[in-house]
K.L.:
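Shown below is the structure under consideration.
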Amino acid sequence: MAMRAEHQFDDIEQQRDAAYTGMWVFLSTEVLFFGAVFFAYILYRGLYYQAFVQGSRELSIWMGGLNTAILLCSSLFMALAVHAAQRGRTNQLVMYLIITEIVGAVFLGIKFLEYYQHYKDHLIPGMGFGYGGANANRVELFMVFYFILTGMHAVHMIIGLGVLSALAILATRGKFEGGYYDPVDIGGLYWHFVDIVWVFIFPLLYLVKRTGV
Amino acid sequence: MSEHIVPPSTYFAVWAALLILLGATIGLAYFPLGPLNVVAAITIAFAKAILIVLFFMQVKYKARMMAVFVCAGLFWLAIMFSLTMGDYMTRSWLPHPTEWVGEMPK
């Protein structure tokens with residue numbers, strides 16, 4: 001199947017660069033979306049530092065760290081999926097997309113277990129919040145930021161799973177043969193971006209201060 | 001810009017580097033470095049993000065023009081940070097005007 005660019009493009013490379021550039025414009029808006037919450041978090045962390053240290057220690061560093069490693073692995077598989085698409089290897093592409101999805105689903109599963117632990121510890125703001133120590137109100141604020149940031153991240157992960165499923169279905173129908181794979185490329189950009197968001201969530205929320213008192 | 005196919009070995013190397021950086025950021029969190037703890041954590045986070053952007057997202061192999069789009073989000077974020085911090089960090093510099101102090105108007 002020979003590949004032709006859509007009529008508004010000179011050639012296939014220009015079409016690919018346009019898709020790629022457009023995705024980055026969207027990702028810039030995502031930077032601002034998450035950036036605003038990160039910024040509010042940093043501001044209150046400066047104001048209520050001790051409470052944020054306490055809140056951070058309520059989080060499991062091992063679950064958070066494991067989830068970071070899992071996401072980094074999923075990004076590797078996504079990169080390999082794009083590579084398979086570039087080489088025109090459809091079976092490999094579908095396989096890597098599905099592996100990426102499974103790894104992403106494991107991330108969400110661990111995240112769910114974490115949330116369940118917070119529920120048992122009465123650490124969900126507004127739902128019988130019952131932090132035992134000092135500064136309970138300010139620790140609750142920390143947990144508000146925690147649930148907004150990780151919750152919005154999880155929503156992005158779920159959307160990403162939907163995107164990858166659609167790509168896998170299209171790939172099995174042979175849509176990405178003959179050198180056309182732009183949707184895989186920009187779907188990958190989205191997946192990697194969500195990974196980057198977690199790369200910042202992890203140190204900011206889980207590693208506020210782990211030494212001393 | 002012509003298409004550049006990155007060999008999988010590069011992806012594996014980047015992945016290994018990312019996991020090492022993750023180990024480093026967790027390990028450093030347990031060393032008492034004072035204020036340097038947060039500096040180390042954020043520096044490592046940016047290092048990981050740059051690795052992902054350059055290699056997994058293939059920005060390294062695209063036209064230079066792409067870097068403008070990649071940096072645009074950070075640029076606008078920097079404007080938001082500096083203007084808002086300019087507010088919060090200078091609020092205590094001047095006393096509140098006396099007519100602002102007192103009871104709220106009914």
Side-chain angles (χ1 to χ4, degrees), chain A residues 12-14 16-17 20-25 27-32 34-36 38-40 42-43 45-47 61-62 64-65 68-69 72-73 75-80 82-84 86-87 179 185 188-189 191-193 195-197 199-204 206-212, chain B residues 1-8 10-12 14-16 18-19 21-23 25-26 28-34 37-38 40-53 55-59 62-63 65-66 68-78 80-81 84-85 88-89:
Chain A
I12 212 73
E13 277 170 17
Q14 192 191 39
R16 180 170 296 141
D17 279 353
Y20 191 89
T21 310
M23 192 61 196
W24 266 108
V25 171
L27 292 182
S28 295
T29 71
E30 290 275 78
V31 169
L32 290 172
F34 280 104
F38 276 127
F39 180 60
I42 290 166
L43 198 62
R45 173 170 154 158
L47 287 172
I61 197 167
W62 295 114
T68 312
L72 294 175
C73 293
S75 262
L76 170 69
F77 289 120
M78 188 67 230
L80 293 174
V82 173
H83 181 264
Q86 286 172 332
R87 295 276 188 206
D185 207 8
L189 287 184
W191 191 266
H192 294 310
F193 175 80
D195 188 11
I196 290 177
V197 171
V199 159
F200 284 97
I201 285 180
F202 176 64
L204 280 176
Y206 288 78
L207 305 177
V208 174
K209 185 165 179 274
R210 288 283 172 174
T211 57
Chain B
M1 195 67 188
S2 68
E3 181 190 1
H4 186 285
I5 296 186
V6 185
T10 305
Y11 290 139
F12 281 104
V14 170
W15 171 72
L18 287 169
L19 288 184
L21 285 171
L22 169 62
T25 195
I26 294 177
L28 278 173
Y30 286 98
F31 277 96
L33 300 174
N37 272 122
V38 67
I42 298 303
T43 308
I44 291 176
F46 269 104
K48 283 154 84 179
I50 289 168
L51 279 177
I52 294 172
V53 167
F55 294 97
F56 283 173
M57 297 167 99
Q58 307 195 4
V59 170
K62 301 281 177 181
M65 181 66 183
M66 206 56 72
V68 176
F69 286 86
V70 174
C71 294
L74 287 177
F75 178 71
W76 290 108
L77 198 62
M80 188 181 77
F81 268 50
T84 315
M85 285 312 262
Y88 275 94
M89 296 186 80

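We name chains A, B, ... by the order of the sequence lines, and we start the count at 1 in each one.
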K.L.:
Please flag which part of A:L189 lies under 4.5 Å from any non-hydrogen atom of chain B: side chain, backbone, both or neither.
P.N.:
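Both parts, backbone and side chain.
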K.L.:
Output yes when a side-chain donor or acceptor of A:K209 lies under 3.5 Å from a complementary backbone atom of A:T211, and no otherwise.
P.N.:
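Yes.
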K.L.:
Could you check which of A:L76, A:V199, A:D185 has the highest count of heavy-atom pairs closer than 4.5 Å to chain B?
P.N.:
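So the answer, after comparing A:L76, A:V199, A:D185, is A:L76.
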K.L.:
Is it the side chain or the backbone of B:M85 that comes within 4.5 Å of chain A heavy atoms, both, or neither?
P.N.:
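Both parts, backbone and side chain.
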K.L.:
Kindly indicate, with the supporting measurements, whether the criterion side chain to side chain contact (heavy atoms under 4.5 Å, CB included) is fulfilled by A:W191 and A:S75.
P.N.:
CA-CA 7 Å; A:W191 191 266; A:S75 262; 4.2 Å; yes
K.L.:
Using non-hydrogen atoms only, which part of B:F31 is less than 4.5 Å away from chain A: side chain, backbone, both, or neither?
P.N.:
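Contact with chain A involves the backbone of B:F31 alone.
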K.L.:
Can you tell me which portion of B:Y88 sits under 4.5 Å from chain A's heavy atoms? Options are side chain, backbone, both or neither.
P.N.:
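Answer is side chain: those atoms of B:Y88 sit under 4.5 Å from chain A.
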K.L.:
Relative to chain A, which segment of B:W15 carries a heavy atom at a distance below 4.5 Å: side chain, backbone, both, or neither?
P.N.:
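The side chain, not the backbone.
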K.L.:
Which heavy atom in B:V6 sits nearest to a heavy atom in A:Q86, and how many Å separate them?
P.N.:
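Answer, listing the atom of B:V6 first, then A:Q86: N-OE1, 4.4 Å.
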K.L.:
Can you tell me which of B:L18, B:L74, B:V59, B:V70 forms the most heavy-atom pairs within a distance under 4.5 Å of chain A?
P.N.:
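Counting heavy-atom pairs under 4.5 Å, the top option is B:V70.
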K.L.:
By a 4.5 Å heavy-atom criterion (distance strictly below it), what part of A:V208 contacts chain B: side chain, backbone, both, or neither?
P.N.:
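A:V208 has no heavy atom closer than 4.5 Å to chain B.
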K.L.:
Given side chains that start at C-beta, do those of A:I201 and A:F38 come closer than 4.5 Å, heavy atoms only?
P.N.:
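With C-beta onward as the side chain, the pair touches.
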K.L.:
Is it the backbone or the side chain of B:F46 that comes under 4.5 Å from a heavy atom of chain A, or both, or neither?
P.N.:
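Contact with chain A involves both backbone and side-chain atoms of B:F46.
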K.L.:
At a 4.5 Å cut-off on heavy atoms, which part of A:L204 comes close to chain B: side chain, backbone, both, or neither?
P.N.:
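Interface part for A:L204: side chain.
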K.L.:
Is chain A contacted by the side chain of B:V14, its backbone, both, or neither, given a heavy-atom distance below 4.5 Å?
P.N.:
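It is neither, since no heavy atom gets under 4.5 Å.
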K.L.:
Contact part of B:M57 toward chain A, heavy-atom cut-off under 4.5 Å: side chain, backbone, both or neither?
P.N.:
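Both backbone and side chain.
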K.L.:
Can you give me the closest heavy-atom contact between B:G73 and A:L32, atom names plus distance?
P.N.:
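Result for this residue pair: O-CD2, 4.0 Å.
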K.L.:
Under a 4.5 Å heavy-atom cut-off, does chain B meet the side chain of A:H83, its backbone, both or neither?
P.N.:
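When you check distances to chain B, only side chain atoms of A:H83 fall under 4.5 Å.
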K.L.:
Rounded at 0.5 Å granularity, tell me how far OG1 in B:T25 sits from CG in B:N37.
P.N.:
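It is 9.5 Å, given to the nearest 0.5 Å.
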K.L.:
Any idea which heavy atoms bring B:M80 and A:A36 closest together, and the distance?
P.N.:
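Smallest interatomic distance, heavy atoms only, reads CE-CA, 3.6 Å.
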K.L.:
Most heavy-atom pairs under 4.5 angstrom with chain B, which of A:P203, A:G65, A:G35?
P.N.:
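The answer is A:G35.
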K.L.:
Under a 4.5 Å heavy-atom cutoff, which of A:A69, A:G46, A:G64, A:G188 has the most pairs with chain B?
P.N.:
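Most heavy-atom pairs under 4.5 Å with chain B: A:A69.
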K.L.:
Tell me whether B:Y30 at atom OH has more than 12 heavy atoms from other residues, nucleotides or ligands lying less than 6.0 Å away.
P.N.:
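Yes, because the 6.0 Å sphere around OH of B:Y30 holds more than 12 heavy atoms from other groups.
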K.L.:
Just so I understand: if I count every heavy-atom pair under 4.5 Å between each of A:L72, A:V31, A:I61, A:L207 and chain B, which residue has the most?
P.N.:
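The candidate making the most pairs under 4.5 Å is A:L72.
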K.L.:
Could you report the tightest heavy-atom contact between B:M66 and A:D17, atom names first, then the distance?
P.N.:
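So the two residues come closest at CE-O, 4.3 Å.
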K.L.:
Could you label the plane-to-plane angle of the B:F81 and A:F39 rings as parallel, tilted or perpendicular, counting under 30° as parallel and over 60° as perpendicular?
P.N.:
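B:F81 vs A:F39 ring planes: tilted.
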K.L.:
Side chain, backbone, both or neither: which part of B:L22 has a non-hydrogen atom closer than 4.5 Å to chain A?
P.N.:
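B:L22 touches chain A through side-chain heavy atoms alone.
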K.L.:
At a heavy-atom separation under 4.5 Å, does A:F202 approach chain B through its side chain, its backbone, both, or neither?
P.N.:
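Looking at A:F202, just its side chain touches chain B.
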K.L.:
Closest heavy-atom contact between B:A47 and B:L21?
P.N.:
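Nearest heavy atoms, B:A47 then B:L21: CB-CD1, 4.2 Å.
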K.L.:
Among A:T68, A:T29, A:L43, A:V82, which residue has the highest count of heavy-atom pairs closer than 4.5 Å to chain B?
P.N.:
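Max contact count across the listed options: A:L43.
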K.L.:
Taking all non-hydrogen atoms of both residues into account, name the closest pair between B:A40 and B:L28 and its distance.
P.N.:
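The pair with the smallest heavy-atom distance is CB-CD1, 3.9 Å.
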